Structure formats: structure tokens, C-alpha cells
Amino acid sequence: MLAFWRKTLLLGLAAGNVVLAEDVITDDAVFYGESPAVYPSPQGTGTGDWADAYTKAKAFVAQLSDDEKVNLTAGITADNGCSGNIQGITRLGFPGMCVSDAGNGLRGSDFVNAWSSGVHVGASWNRDLAKQRGIHMGQEYRKKGVNMILGPVVGPLGRVALGGRNWEGFAADPYLSGILVADSVKGLQSQNVATSLKHFIANEQETNRNPATNSEGHYVESVSSNIDDKTLHELYLWPFQDAVLAGTTCIMCSYNRLNNSYACQNSRALNGLLKTELGFQGYVITDWFAQHTGISSANAGLDVVMPSSSYWNGNLTTAISNGTMEASRLDDMITRLMATWYYLDQDSAFPNPGIGMPSSVNTAHEAIVATSKAAKSVLLESAIEGHVLVKNKNNALPLKSPKLVSVFGYDAYTPMSYTLESSFSFPTTDRSALYQNGTLFGGGGSGANSPAYIDSPIEALQRRAYQDGSSILWDFTSEKPFVNYVSDVCLVFINAFATEAVDREALSDTHSDTIVTNVANNCANTVVVVHNAGIRTVESWVDHTNVTAVIFGHLPGQDTGRALVDILYGDANPSGRLPYTVAKQQSDYGSLLQPSEPDEKYQYFPQSDFTEGVYIDYRAFDKDNIEPQYAFGFGLSYTSFAYSNLKISKTSASSTNYPPTAPIVPGGNPRLFDTLVKVSATVKNTGKVDGKEVAQLYVGIPNGPVRQLRGFDKVLIKSGKSASVSFNLTRRDLSTWDTSAQEWLLQRGTYQIFVGRNSRDLSLSGTLTI
Ligand SMILES: *[C@@H]1O[C@H](CO)[C@@H](O)[C@H](O)[C@H]1NC(C)=O
Ligand SMILES: *[C@@H]1O[C@H](CO)[C@@H](O)[C@H](O)[C@H]1NC(C)=O
Ligand SMILES: *[C@@H]1O[C@H](CO)[C@@H](O)[C@H](O)[C@H]1NC(C)=O
Ligand SMILES: *[C@@H]1O[C@H](CO)[C@@H](O)[C@H](O)[C@H]1NC(C)=O
Ligand SMILES: *[C@@H]1O[C@H](CO)[C@@H](O)[C@H](O)[C@H]1NC(C)=O
Ligand SMILES: *[C@@H]1O[C@H](CO)[C@@H](O)[C@H](O)[C@H]1NC(C)=O
Ligand SMILES: *[C@@H]1O[C@H](CO)[C@@H](O)[C@H](O)[C@H]1NC(C)=O
């Protein structure tokens with residue numbers, strides 16, 4: 001209320017042209033974003049398939065004392081190797097919970113695998129692999145006694161090209177992210193391990209992600225992502241909705257503010273969007289140290305604080321007795337927490353919390369092997385399919401029995417040391433200099449993962465040379481290496497590092513570009529491999545006549561070398577497609593290149609206005625008619641594909657303007673997911689080798705972007721054969737968010753349907769009238 005008054009007052013003054021416009025704002029008055037208040041916090045009801053879990057959780061909570069209840073609302077610190085801990089209640093046989101980093105593999109552990117990162121899974125466009133990866137990663141968490149994985153990530157979505165954490169998530173597109181996160185959640189939770197989908201919501205930059213004291217000693221709040229309701233629904237909330245529908249048991253609220261209210265105390269986001277509109281039955285956990293108020297965060301819908309709470313504790317019961325909080329809110333907080341434990345059957349035969357986690361103080365921990373033989377093929381396939389071949393002049397690849405392979409660049413070899421200590425490490429500054437010293441298989445920060453081994457490119461290439469009797473020369477350190485004139489191929493390995501806590505400085509770097517150019521100047525067959533934790537621009541060398549092939553290798557995890565060699569030598573046909581747009585130059589990203597920096601006026605309350613609406617990544621390039629270097633969805637294969645026979649048909653499902661009313665289940669109104677239209681096409685493999693194609697469907701929704709991804713189908717097609725690809729368009733896929741009705745609206749009119757190879761190569765098109 002106070003904020004509202006201030007706002008009105010200042011707006012009034014501004015309108016009267018009084019001095020304020022030039023002034024530095026020193027309180028939390030704002031002009032753009034303000035979230036409506038949504039109270040009270042909805043209680044979990046046990047809807048969907050949660051009834052049984054809620055019955056058990058309620059019976060458990062009924063036996064707790066007030067102090068025990070309060071104890072469950074926040075983590076406790078324990079040097080047991082887990083990122084966070086919920087303490088047990090022994091008298092009731094509840095052993096507590098261990099929760100740990102992160103969404104792309106267990107961090108700070110031994111005997112676990114380093115899986116491909118989110119962006120790599122995004123680049124694979126492979127639903128089944130996403131699920132299989134989830135299953136096997138989930139098994140590792142389970143064996144280590146980790147009750148909940150702190151992931152997967154769908155926020156950041158990738159609004160800011162230089163975002164430091166974009167690689168942790170899948171794609172700069174809500175549809176692709178949503179599909180892949182849903183399959184990941186299903187895979188992980190099939191192993192009884194909880195997922196805490198993060199970061200809710202609009203955590204699109206690392207710069208000013210947390211409040212801090214600036215150089216003049218003034219307190220500066222976190223950046224506020226100011227987003228209109230329509231954009232929030234159609235872009236940023238979308239993949240969260242898919243994950244709630246898929247059954248995610250926990251949601252992690254983020255560091256940033258949303259419309260000037262901290263994400264962990266924004267009642268519109270937590271009580272409104274998540275717990276009312278999406279019918280979420282699990283609990284909301286804070287990102288580490290992301291709680292900034294006491295009772296107001298509880299009333300706004302926050303359930304559990306990590307790593308511990310300095311605000312709640314006994315204050316919760318005081319607040320109940322003095323009437324500022326309902327007792328039912330406290331019960332709901334821990335009922336939601338305990339319901340997830342029962343929902344995933346963690347009450348029966350789940351390993352003791354943290355049993356296999358090494359800790360920095362407990363070096364004499366038990367050796368619990370979580371890797372498995374069964375995981376190996378999934379690790380390798382997942383590593384292979386996230387590689388995207390973007391240039392292949394005169395079929396330079398696959399290699400044809402080269403006699404001499406020359407290898408250059410700092411990214412080809414195994415890092416000089418890898419110890420248990422390294423696996424704990426959590427780089428919070430841009431250590432790209434360090435990473436230009438060994439192959440990059442994952443990014444930095446809490447999303448870094450711990451490998452059982454690292455099969456670097458050079459090791460895999462050496463094995464190949466041993467097998468086929470060829471020779472290798474290498475120079476990993478020179479910026480201008482000597483090139484043996486008789487090399488059949490020169491492989492240049494560079495990378496683009498990114499980490500949590502800082503945004504990237506640039507989309508390319510001079511040292512790496514110089515190595516490529518220097519090699520290409522002296523080698524007629526130069527193949528560049530970039531291990532990139534996000535978008536990497538290539539304009540300084542991609543058109544060099546001697547650069548014959550380019551692969552974006554992303555972050556493949558520990559099997560990076562063998563996966564790459566399978567592709568280079570044609571044992572595997574590349575089938576990855578870009579889950580983002582690569583611009584010709586970084587300035588083409590315009591206002592979406594860099595994170596927002598505090599300006600003079602709002603220097604203590606940094607503001608990031610998402611005024612571009614849904615027009616990020618390819619939606620922005622399409623709108624502004626900018627030719628990308630490589631379009632969203634682009635990727636080459638060793639074979640070729642031809643598309644034909646587009647068919648569009650409506651189903652008998654209701655096509656009323658708004659979805660028919662139905663009881664809300666986790667994910668929202670279930671009728672949003674009715675299939676309204678089916679689309680199919682024929683894809684023929686017209687080349688000489690078998691290969692996988694990712695058929696992509698884009699829809700031009702009236703009054704929206706010219707095209708938005710709304711379907712994809714990855715199919716293996718044998719040389720000369722055809723396959724049918726099919727897509728289901730749901731009501732939500734075809735709708736827009738109607739802010740006044742607060743419903744998804746299915747507009748009447750003509751919809752454009754496009755099917756093809758990528759967002760800029762869509763050979764089939766048709767229309768649909770609704
Ligand atoms: C944020 O603020 C804008 C402008 O004031 C408003 O339109 C929008 O609905 C708010 N978004 C949320 C999520 O509350
Ligand atoms: C609450 O947690 C604290 C810290 O672990 C512990 O000392 C205390 O005994 C707990 N209270 C109850 C009632 O279990
Ligand atoms: C109650 O909250 C205040 C801050 O609002 C905090 O300083 C205090 O430590 C809290 N008390 C307990 C018992 O947690
Ligand atoms: C009630 O207790 C809470 C927690 O200690 C405190 O923050 C709040 O100011 C109190 N309100 C009143 C009206 O006493
Ligand atoms: C690479 O790492 C090794 C071992 O940590 C170190 O000795 C060397 O100086 C580093 N090289 C560069 C170029 O940073
Ligand atoms: C390409 O490589 C050859 C060496 O094989 C070199 O003679 C030529 O100058 C290079 N071309 C360019 C444009 O650098
Ligand atoms: C489309 O929906 C049908 C059920 O209506 C399902 O059998 C089929 O697998 C779905 N296809 C795709 C591509 O999701």
C-alpha cells in the first residue's frame with residue numbers, strides 16, 4: 001500500500017514536470033512493473049495424482065509440534081557434502097532430506113558421471129534421450145542418497161545472448177525447453193528423485209542477480225525483471241507449466257525481483273501463477289540466500305528456505321499468535337514438503353540422505369559407486385547428438401582415411417589436474433582464461449558436474465590413430481602453430497566458457513579466433529570444433545576458404561572425445577540442431593545482447609524492462625528481418641532430406657474461444673492440452689547414408705510472431721527411404737494469453753503452418769482456419 005502511494009505521488013509529480021525526472025530514485029517507487037497482490041496462499045489439495053501423498057503428509061504433519069513444524073521450513077547447514085539439508089524427525093521415522101547441485105549431473109561427488117549439459121540436450125532435439133539421461137542421472141542421485149536434484153533449468157530461457165547461465169537450460173525457445181524439461185522431469189522422478197525446477201522466474205541475467213553493497217557503500221537491490229502478463233505466459237512461464245504438468249515436485253524461486261518484488265516473495269508469481277493457475281501441489285524452495293523478508297514471503301507462497309532461514313524460525317509461531325500469519329499456512333508449507341516425499345515413495349527404501357556424498361571435511365567417506373554400465377550408451381548418445389555441424393564445404397566431413405591429422409588449440413587436451421577438490425570447485429568469476437587450458441565439457445558454477453573420467457578429444461583421436469595406423473601431430477599452446485604441409489586435416493579446438501554468477505564478456509574472443517585464422521592460413525582443410533557454453537559468433541573466420549567444416553560441440557560431458565571422433569570419422573551422422581540463433585555479428589542481438597546495468601536514475605533499484613515482449617532470439621531476428629549466420633533449428637547432416645505431403649487436419653476436440661472449464665490439475669486446466677489439430681508430412685532421406693532428421697513445425701498465430709516452434713519430430717531414416725513425421729497441436733500451442741480474461745484465447749482466423757528443416761528453411765506450408 002505504501003509503495004502504491006509513493007508511486008502515485010511520484011507519477012503525479014513527474015506529470016507536473018517537477019525536478020524528479022533527473023533525480024536518483026532512492027526508494028522502491030517504480031514506474032513500469034508492479035505485480036498485483038494475490039492472497040491468501042492456496043493450500044495444496046492433493047489434486048491430480050497427489051491424493052495419496054497428501055493423505056500421508058497430512059497424517060504426518062498432524063503429529064508434529066510447532067517447533068518441529070518450524071524446523072521443516074528451512075534447511076540446516078551440515079558438512080555432509082549435500083548442497084542443502086532438511087533435518088530429520090527421528091521419533092517419526094523421517095530421516096530428513098539431502099538436496100544437491102545440479103540439473104546436469106551431480107556436483108562435488110565421486111563415482112558419478114558428467115552428463116551433457118542442458119544446452120547440449122537442447123541441441124539434440126531428442127525427447128527419448130532427454131528422458132533416458134534423466135533416468136540414469138536420477139539413479140546416480142538416488143544411489144548417493146540425494147533426495148532432490150537442484151534442477152533442471154528452464155530459466156534463464158536465453159533472453160540475453162551473453163547470459164552466464166543460458167547453457168544450463170535447453171533452448172532459447174519455450175516450446176523446445178518445455179518438451180525437453182518435461183521428459184527430463186519424468187526420467188529423473190521415475191527414479192524416486194525429486195526435481196526442483198529453477199529459477200522461477202525471469203532470472204535472465206547474472207549481473208545484479210543478488211542485492212549487494214556498491215563501491216560507494218550503498219545497498220543495491222537485485223535487478224527487477226519487469227514483464228507484462230502476456231509475455232510472461234507465452235514465453236517465460238510456458239516451460240514451467242510443462243514441468244508442473246509432468247509432475248515436478250518442487251520449484252526454486254529465483255534471485256531477481258519480478259516487477260520489483262523479490263521472486264521469493266512475489267505473491268502474484270507464487271500464489272497466483274504457480275499455485276492457483278498451474279495448480280502446483282509441491283513446494284517452493286528458495287535459491288540459496290534468496291529470502292529477503294520474513295512473514296511476507298510465507299504469505300506470498302514461499303514454503304522452504306535454503307540453506308537456512310535468518311527470518312523465519314520462531315518468528316513463524318509468533319506471527320501466528322499475533323495474527324499476521326494463519327496457522328494453516330505453516331501447515332500447508334510442510335504438508336507440501338512432506339507430500340513430495342510420499343509422492344515419490346521416498347518413505348520406502350530410499351538410501352539414507354547424503355550417504356554417498358563426499359564432503360570437504362569428511363574425506364574418509366564411504367565409496368558408493370553410482371556410475372553404471374547401463375548408463376554408458378546413453379551418456380555417449382547424448383554426447384553425440386548435441387553436436388551441431390554448421391559448415392561442411394565439399395563434404396570435408398566425414399574424414400576419409402586421413403594419413404596425417406594435425407591437432408591445435410587449448411581445448412583439445414585433458415585438463416592438467418582433476419581432483420576431488422576440483423569437483424567441489426564453484427567458480428564464481430569469469431575464469432575463461434583458466435578454461436582456455438583444457439577441454440570444456442561443462443560450464444561453471446553450481447551447474448558444474450563431476451566426471452568419472454574425461455575422454456578428451458586428443459585422447460580419442462590418439463586411439464583412432466592407433467586403430468587405423470594413421471599419424472597425429474599436435475600443438476596445444478601456440479597461437480601461431482607450425483602446420484605440416486602434408487596434413488590431410490587440421491583440427492582446431494577452441495571454446496567459449498560461461499559460468500553462474502557472471503554474464504559473459506563477449507560472444508567470441510580474439511585469442512581463439514587468431515588460432516583458427518593462423519591455422520587456416522596454412523592448412524587447406526581446417527575443421528573447427530567449438531565447445532561453447534552458449535552462443536559463439538564466428539564471423540572472423542567462418543568464410544575463410546580453408547575453413548572447411550565447423551562443429552558447435554556445446555558441452556558434451558565426459559564422453560566428449562569419443563563422441564566427436566564418432567562424428568568426425570562418420571561412425572555417427574550428426575543430427576544436432578541449434579537451440580538458439582547464431583548472428584553474423586554480436587551487435588545483431590541489439591538490446592538483447594547484454595544484461596541490463598543499473599542506470600543513473602535507478603542505480604539502487606536496477607530495472608530490466610522486457611519491453612521486447614515475446615520477441616527474443618529467432619522471434620526478434622524474424623521481426624526485424626535480420627539474416628542470421630545460422631538460424632534457430634539449423635544443423636547439417638552427412639545425408640540430405642526432402643519434404644513432401646503436408647497434411648493438416650482438425651480433431652473433434654472443442655475449439656471454443658476459451659478452454660472449456662475443468663478442475664485444475666498440476667499444469668493448469670487440462671483442456672489446454674487437448675490436441676486440436678494434427679499435422680503430418682513425409683521426409684525422404686535422399687542421400688547415401690542413414691541419418692536422423694529433426695522435422696520442425698512452426699505456426700504463425702494471428703497477431704503474433706511470423707512463426708513460433710510448435711512441434712518437432714526426430715526420426716532415423718535409412719538412405720533412400722521415407723518416414724512419416726507427425727505433430728499434435730494443442731489448444732495452448734495455438735492460443736495467445738488474453739490478459740483481461742486471464743485465459744488462453746483461441747483466436748478466430750487464419751493460422752500459417754510451416755514444416756521443414758529449421759526456422760529459415762521451411763519448404764512445406766499451409767493454412768489452418770479456426
Ligand atoms: C508487471 O507489471 C506490468 C506493468 O505494470 C503488468 O502489466 C504485469 O501484469 C506485471 N506482471 C506480473 C507478473 O505481475
Ligand atoms: C529444531 O532444530 C534445532 C536445530 O537442529 C534442534 O536443536 C531442535 O532440537 C529442533 N527442535 C525440535 C523440536 O526438534
Ligand atoms: C525474526 O526476524 C528478524 C528479522 O525480521 C530476525 O532479525 C530475527 O533473527 C528473527 N528471529 C528469529 C527467531 O528467527
Ligand atoms: C507479529 O510477529 C511477526 C514475527 O515476529 C512480526 O514480524 C510482526 O511485526 C508482528 N506483528 C504484530 C502486529 O505484532
Ligand atoms: C595451464 O595449466 C597448467 C597447470 O595448471 C599451468 O602450469 C599453465 O601455466 C597453464 N597454461 C596457461 C596458458 O594458462
Ligand atoms: C589455404 O591453405 C594453403 C595451404 O594449404 C595456403 O597456401 C593458402 O594461402 C591458404 N589460403 C588462404 C586464403 O589463407
Ligand atoms: C499425438 O497424440 C496421439 C494421441 O492422440 C499420440 O498417440 C501420439 O503419440 C501423439 N503424437 C505426437 C507426435 O506427440
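Indexing begins at 1, ligand by ligand and atom by atom, following the structure's order. These numbers were taken from a predicted model, which means no experiment stands behind them.
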Could you tell me, for ligand 2, which of its N or O atoms are under 3.5 Å from any protein N or O, listing the pairs and their distances rounded to 0.1 Å?
| from | atom 1 | to | atom 2 | distance (Å) |
| --- | --- | --- | --- | --- |
| ligand 2 | 2 (O) | Asn71 | OD1 | 3.1 |
| ligand 2 | 2 (O) | Asn71 | ND2 | 2.3 |
| ligand 2 | 2 (O) | Gln87 | OE1 | 3.4 |
| ligand 2 | 2 (O) | Gln87 | NE2 | 3.1 |
| ligand 2 | 5 (O) | Gln87 | OE1 | 2.9 |
| ligand 2 | 5 (O) | Gln87 | NE2 | 3.4 |
| ligand 2 | 11 (N) | Asn71 | ND2 | 2.9 |

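In terms of the side-chain contact (heavy atoms from CB on, under 4.5 Å) criterion, residue partners of Ser640 (sequence neighbours excluded) are, by chain and number, Thr686. Remark: Arg329 engages Asp303, Asp332 in a side chain to side chain donor-acceptor pair (under 3.5 Å) (not counting sequence neighbours). Shown here are the side chain to side chain donor-acceptor pair (under 3.5 Å) partners of Asn192, two or more places apart in sequence or in another chain: Arg142.
Of the residues Asp345, Val146, Val193, the one that meets the side chain to side chain contact (heavy atoms under 4.5 Å, CB included) test with Phe350 is Val193. For the side chain to side chain contact (heavy atoms under 4.5 Å, CB included) test with Ile251, the passing option among Thr195, Leu197, Ile285, Ile201 is Leu197; the others fail.
Checked by distance only, ligand 6 and Asn546 come closer than 3.5 Å through their nitrogen or oxygen atoms. By the 3.5 Å distance cut-off applied to N or O atoms, Thr318 is not counted among the residues near ligand 4.
For the residue pair Asp513 and Trp541, a side-chain donor N or O sits within less than 3.5 Å of a side-chain acceptor on the partner.
Using bins of under 30°, 30° to 60° and over 60° for the plane-to-plane angle, the ring pair Tyr604/His218 lands in the parallel bin.
Near Cys523, the atoms of ligand 6 lying under 4.0 angstrom from a non-hydrogen atom of the residue are 2 (O). Using a 4.0 Å cut-off to heavy atoms of His544, the atoms of ligand 6 that qualify are 12 (C), 13 (C), 14 (O). Taking every heavy atom of Thr545 and a limit of under 4.0 angstrom, the matching atoms of ligand 6 come to 13 (C).
Between Ser297 and Gln291 the shortest heavy-atom distance is OG-NE2, 3.2 Å.
Atom NZ of Lys400 sits in a crowded spot, with more than 12 heavy atoms from other residues, nucleotides or ligands closer than 6.0 Å.
At least one heavy atom of Ala319 sits closer than 4.0 Å to an atom of ligand 4.
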